[in-house]
Amino acid sequence: MMIRRRFLTMIAVGAAGVTLPAVRMLADRAGLRRAYARPTILSLLGDDRHLREIGAAYRQAFPAEATVDALVAALDARSGADLDARVCADFDHGRTVVIRGWVLSVTEARQCALHSLLHA
């Protein structure tokens with residue numbers, strides 16, 4: 001009886017050891033999506049509907065970045081810098097796009113695109 005109990009305990013601990021990191025990774029990824037889709041500087045552009053329209057226009061102009069996964073990967077590519085620093089760096093290096101008459105940093109445009117997908 002003691003051997004069976006120890007065996008079941010070992011299986012439970014092993015399963016938790018494999019499952020918990022995967023759950024944590026998925027939760028972290030969902031947190032990243034929410035953070036990336038929360039435009040801070042972009043609040044100057046107008047209401048939520050306006051942000052979604054800009055995001056939809058960006059996705060139409062750049063179909064390779066038209067999915068949540070593609071946008072998160074693109075925004076995550078320079079994960080060492082915070083979003084505000086990335087926006088400034090984009091402008092400093094000429095990484096801008098014109099969407100619906102707005103000159104946006106690529107980071108801002110990607111944030112709008114992600115926002116438009118997550119808040120449709």
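Everything numeric here is computed off the predicted structure, so don't read it as measured data.
By the 4.5 Å heavy-atom criterion applied to side chains, Ile54 and Leu104 are counted as neighbours. Within the 4.5 Å cutoff, no side-chain heavy atoms of Gln111 are placed close to those of Tyr58. Contact check for Val97 versus Phe62: side-chain heavy atoms found under the 4.5 Å cut-off.
In plain terms, the two heavy atoms of Gln60 and Pro63 that are nearest each other are O-CD, 3.7 Å. For Val103 against Phe91, the heavy-atom pair with the smallest separation is O-CZ, 3.9 Å. Of all heavy-atom pairs spanning Ser116 and Arg52, the tightest one is CB-O, 3.4 Å.
Rounded to the nearest 0.5 angstrom, Leu71 CG and Asp76 CG are separated by 12.0 Å. Atom SG of Cys112 and atom NE2 of His50 lie 8.0 Å apart (nearest 0.5 Å). Interatomic distance, CD of Glu108 versus CZ of Arg86, reported as 12.5 Å (0.5 Å rounding).
Of the possible polar contacts, none joining the Asp90 side chain to the Thr96 backbone as a donor-acceptor pair under 3.5 Å is found.
The pair Arg59-Glu65 fails the salt-bridge criterion, with no side-chain N (NZ, NE, NH1 or NH2) lying under 4.0 Å from an Asp/Glu carboxylate O.
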